[in-house]
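Order of the sequence lines fixes the chain letters, A, B, ..., with proteins taken first and strands second; residue numbering starts at 1 for each chain. From a predicted model like this one, the values you see are computed outputs, not experimental measurements.
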Amino acid sequence: MKNYKRYLITSALPYANGPVHIGHLAGVYIPADIYVRYLRLKKRDVLFIGGSDEHGVPITIKARQEGVSPQDIVDKYHNIIKSSFEKFGISFDIYSRTTSKIHYETASEFFKTLYDRGEFIEKTTDQYYDEEAKQFLADRYITGTCPHCGNESAYGDQCEKCGTSLNATDLINPKSTLSGTPPVLRSTSHWYLPLDKHEAYLRNWILEENKDWKTNVYGQCKSWLDQGLQPRAVSRDLDWGIPVPVEGAKGKVLYVWFDAPIGYISATKELTPDWAKYWKDKETCMIHFIGKDNIVFHCIIFPAMLHAEGSYILPTNVPANEFLNLEGDKISTSRNWAVWLHEYLEDFPGKEDVLRYTLCANAPETKDNDFTWKDFQTRNNSELVAIFGNFVNRALVLTQNYFGGIVPQAGEFNDFDNVTFNEIASIKKNVEESLEAFRFREALKEAMNLARLGNKYLADTEPWKLIKTDEGRVKTILNISLQITANLAILMEPFLPKTAESLRKMLNINQFEWETIGSLLLPVGHKINQAELLFEKIEDSAIDQQLERLTRIKAENERKNTKAAPQKEPINFDNFSTMDIRTGTILEAEKVPKTTKLMKLKVDTGIDVRTIVSGIAEHFTAEELPGKQISVLVNLEPRKIKGIESQGMILLAEDFSGKLIFVVPENKTDNGALVK
RNA sequence: GGCGAGGUAGCUCAGCUGGUUAGAGCGCAUGAUUCAUAAUCAUGAGGUCGCCGGAUCAUCCCCGGCUCUCGCUACCA
């Protein structure tokens, strides 16, 4: 490990529109916490920074839905998140928030510095504006009919029904969610960070100087850099956020991704007046723990910001994890498909470390992984209870029974004793190597090997037999066994802090330092306390209860999905009769090259033969389409799609699973028959 | 479609720059054992290393093509 003077460890700021779930923990907070605890044990100078990300549009929407202020929303979730982290044992030196005063000052100042230095470019674009509410509308504030699936309540950035990502200008009959009135286009100007200007620098920094980053991170960055970086807007028209600190920027705030990473800096400032040396001294090792969705922000955008500012260091590493699934399905806040930390803490009191263990042992380090309750139970029962807890219990109970809880005097070590004892130091080394390479699951497995070693040592030496014939030998054996438990109490501290603490209490030790691992930690004659169980078995009933909850949620989601969409607003007959729908027959079909969904169709509409482009290629093959009679909206204004002019729209029904079905005449009929 | 990551024992994953019989944990089977929360210890069974082709004396690891999963991105009138 390169010897840095100090360490600055950040973990991604959780977004304060919901509580924290196991995906966050496995991907970010547990690895970060393990790493930090390890550094502290090594007596390194380290700061562990966290906080809530509290700006951005989704929070304002949530506030509006619940009829409260954005501040109410972030207060609520910030408190839930903060206290659940505390109870769980994520050992932040500070857990701050981006609505804090110091953050407003820091972020403004940061922006101002870049602004004064001419690091931004200003651009004017057209955006939807709500004349009644007198404000510009973020994409999320606009709803309308999805041009793809007809869902009436699609958002300006995405239709949640069909998953299509949209531009606000794509929506049919756009409506402002603020006033309900149709918005108008109005020009507005914003500041952009020209990432392209820093591209060469970033390319060299990541691709040449940081080849040792995790392959998923390195690959993702390379992909972005190869595509070429574009200027990115750093401001938005919104009333929730940090005001752009520039003359004439009324009603504009910093875009949330710009202010959020600066939150790491402001939190450090809030923590210590010495903050600058952690951010600006080359001898600081800065590490961002994040999930894979954050790679571009932490490896490209934030470094570009820091580099543009000029006085800051860049991260030494950004160990991003993949995603964790739950029982085979993606974790989703909106579908309530998650194990929430604050609920877990209530359902499994005192079992914080069991979750830490399971999530670390199965962390999505190289690819997406699956969390199952069954696996959780197995890991607890057959690893924590059977291997770790059991060994500790054996060693302590034997000592209690034979020597009244006093560490006995060891005789001379024989070869086997030496081999066993020396193994501790080698396990320490393996754990270090794994941790320093951010391979936490491997590190944990290696640490568990010390407990395995203990069990094997007892099985091989059989003190319960020897006690009848050779008490001196038993003293040596138990001395060594106890030394192993004491070493475990330190070695396990980063991974299972609460367990390590109770183990130290049992052993009656309070000094613990990483570098002492591998030595005789308990002096002869030392009194240990009564043995208590470190872990208890988790019964099927507790697991079944969790599984039942998930089954219930799944059923609820299904019910929501299979409910037909509500009726659209009423129209009159004239509205309807403006639509010219005809029967037609597909003559030719051909997949549009270089697209996934697009099919180019030649259709006989009875009026003429025309070209229609339709997004059906995932549902039908080009071969099965010709000859099929269908319904066509013929007077829809033509639109160029992928360079092909589409003159009409094929009518399709979409079922709940997203499957498309042609709307066809019951019997074959003439092309051009009017549908009315 | 473009890009990135992944596809290795029933499950979850290791396999560094190609070199004799491909590894671990859990699960499973058999045996040993009783100090311990029926926990532990030993042994064993299980793999055409996604598919096809190529280069090489030799490849899970290199090259080409295909396929599946996840993510980013384009597209959906």
Side-chain angles (χ1 to χ4, degrees), chain A residues 145-150 159 162-166 170 172 214-227 291-293 295-296 320 322-323 325 330 361-372 374-375 378-379 381-387 389-402 434 439 441-442 444-446 448-449 451-452 454-467 474 477-478 481 531 533-537 591-599 612-618 633 636-642 646-650 660:
Chain A
T145 305
C146 172
H148 178 235
C149 69
C159 171
C162 64
T164 302
S165 59
L166 303 165
D170 294 337
I172 302 163
K214 288 177 65 171
T215 50
N216 57 342
V217 177
Y218 188 90
Q220 184 74 231
C221 290
K222 187 169 184 316
S223 169
W224 274 82
L225 289 164
D226 287 348
Q227 276 172 37
K292 69 172 160 186
D293 51 334
I295 291 175
V296 65
E322 302 286 306
F323 284 157
N325 296 326
K330 275 180 214 180
N362 191 28
E365 285 178 3
T366 53
K367 62 173 188 185
D368 291 0
N369 270 346
D370 200 24
F371 174 92
T372 64
K374 187 78 200 131
D375 181 59
T378 305
R379 293 216 183 256
N381 293 355
S382 59
E383 295 181 28
L384 289 178
V385 172
I387 295 166
N390 184 38
F391 165 66
V392 169
N393 193 237
R394 296 172 84 182
L396 297 200
V397 167
L398 285 170
T399 305
Q400 209 65 252
N401 290 349
Y402 299 157
S434 298
R439 291 197 295 260
R441 45 196 301 162
E442 188 179 279
L444 177 57
K445 197 167 116 188
E446 198 54 49
M448 279 297 282
N449 279 342
R452 291 177 203 282
N455 276 319
K456 184 169 158 47
Y457 181 72
L458 284 179
D460 288 342
T461 54
E462 300 183 306
W464 49 90
K465 279 188 182 164
L466 283 177
I467 191 66
V474 172
I477 292 167
L478 285 187
S481 300
L533 297 180
L534 283 178
F535 303 99
E536 57 185 20
K537 288 205 144 199
K591 208 180 151 203
V592 181
K594 301 200 172 191
T595 67
T596 311
K597 299 180 180 174
L598 296 187
M599 191 74 86
I612 294 176
V613 178
S614 187
I616 57 173
E618 286 182 313
L633 176 62
L636 186 67
E637 64 175 354
R639 169 106 176 203
K640 270 208 171 178
I641 301 163
K642 276 279 161 184
S646 178
Q647 301 157 312
M649 181 160 115
I650 312 283
L660 297 177

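- Applying the 90° cutoff around 0 to the glycosidic angle, B/G46 is assigned syn.
- Taking the side chain of A/Ser223 as heavy atoms from C-beta on, and the options B/C70, B/C41, B/C3, the nearest nucleotide is B/C3.
- Base contact: A/Leu534 has a heavy atom under 4.0 Å from a base atom.
- Atom CZ in A/Arg439 sits 11.0 Å away from atom CD in A/Glu446 (nearest 0.5 Å).
- Counting to the nearest Å, the P atom of B/U40 and the CZ atom of A/Phe535 are 14 Å from each other.
- Pairing for B/U56 is absent, judged as Watson-Crick or G-U wobble with the two contacts each under 3.5 Å.
- Heavy-atom distances to RNA chain B give each of A/Arg439 and A/Lys537 a nearest nucleotide, and the one nearer the 5′ end belongs to A/Arg439.
- Taking both residues in full, the closest heavy atoms of A/Phe535 and A/Leu384 are given as CD1-O, 3.4 Å, listed atom of the first, atom of the second, then distance.
- Figure legend. B/U17 is base-paired to no nucleotide; pairs are counted as Watson-Crick or G-U wobble with both atom distances under 3.5 Å.
- The backbone N or O of A/Glu322 sits nowhere less than 3.5 Å from a side-chain atom of A/Lys367 that would complete a donor-acceptor pair.
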Item to complete: Report the C-alpha separation of A/Asn401 and A/Ile467 in whole Å, then their side-chain angles, then the decisive distance to 0.1 Å, and conclude whether the side chain to side chain contact (heavy atoms under 4.5 Å, CB included) test is met.
Response: CA-CA 11 Å; A/Asn401 290 349; A/Ile467 191 66; over 6 Å; no

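- When heavy atoms are screened at a 4.0 angstrom cut-off, A/Thr372 is found touching no nucleic acid atom at all.
- The side chain of A/Lys330 sits closest to B/C70 out of B/G4, B/A39, B/C70.
- Rounding to whole angstrom units, CG of residue A/Leu636 and P of B/C76 are separated by 13 Å.
- The residue A/Val296 sits apart from the nucleic acid: no heavy atom pair falls under 4.0 Å.
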Discussion item. As a quick check of understanding, evaluate side-chain hydrogen bond (donor to acceptor under 3.5 Å, both in side chains) for A/Asn449 and A/Arg452, giving each step before the final call.
Written reply: CA-CA 5 Å; A/Asn449 279 342; A/Arg452 291 177 203 282; 3.2 Å; yes

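- The structure places CD1 of A/Ile612 at 9.0 Å from CG of A/Leu633, a figure rounded to the nearest 0.5 Å.
- With rounding to whole Å, A/Asp293 atom CG is found 17 Å from B/C70 atom P.
- Of all heavy-atom pairs between A/Phe323 and A/Pro364, the closest is O-CB, 3.4 Å.
- Among the protein residues, A/Lys292 comes within range of the sugar-phosphate backbone only, with heavy atoms under 4.0 Å from sugar or phosphate atoms but none that close to a base.
- For A/Gln220, the listed nucleotide lying nearest its side chain is B/G4; candidates were B/G4, B/U12, B/C41.
- Checking B/G4 for Watson-Crick or G-U wobble geometry (two distances, each under 3.5 Å) identifies B/C70 as its partner.
- The CZ atom of A/Phe323 sits 19 Å away from the P atom of B/U12 (whole-angstrom rounding).
- Rounded to whole angstrom, the span from the CH2 atom of A/Trp224 across to the C1' atom of B/G71 amounts to 12 Å.
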Item to complete: Going 5' to 3' through nucleotides 27-36 of chain B, assign each nucleotide B (protein heavy atom under 4.0 Å from a base atom), S (under 4.0 Å only from sugar-phosphate atoms) or - (no protein heavy atom that close).
Response: S------SBB

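- Atom CG of A/Asp368 is separated from atom C1' of B/U69 by 9 Å (rounded to the nearest Å).
- Closest contact between the side chain of A/Thr366 and the listed nucleotides B/A14, B/G25, B/G6 involves B/A14.
- Comparing atom distances between the A/Val385 side chain and each of B/U37, B/U12, B/G4 picks out B/U37 as nearest.
- Put simply, CD1 on A/Ile295 is 9 Å from C1' on B/G4, counting in whole angstrom units.
- Considering only the side chain of A/Lys456, B/A42 comes nearest among B/A14, B/U8, B/A42.
- A/Tyr218 comes within 4.0 angstrom of no nucleic acid atom, judged by non-hydrogen atoms across all strands.
- When both distances must be under 3.5 Å, the Watson-Crick or G-U wobble mate of B/A38 does not exist.
- No donor-acceptor distance shorter than 3.5 angstrom exists from the side chain of A/Gln220 to the backbone of A/Ile295, with no hydrogens or angles considered.
- Across every non-hydrogen atom of A/Ala395 and A/Leu458, the tightest pair is N-CD1, 4.4 Å.
- Across all strands shown, B/C49 remains unpaired; no Watson-Crick or G-U wobble contact has both distances below 3.5 Å.
- Taking for each of A/Glu365 and A/Ala386 the nucleotide of RNA chain B with the nearest heavy atom, the 5'-most of the two is the partner of A/Glu365.
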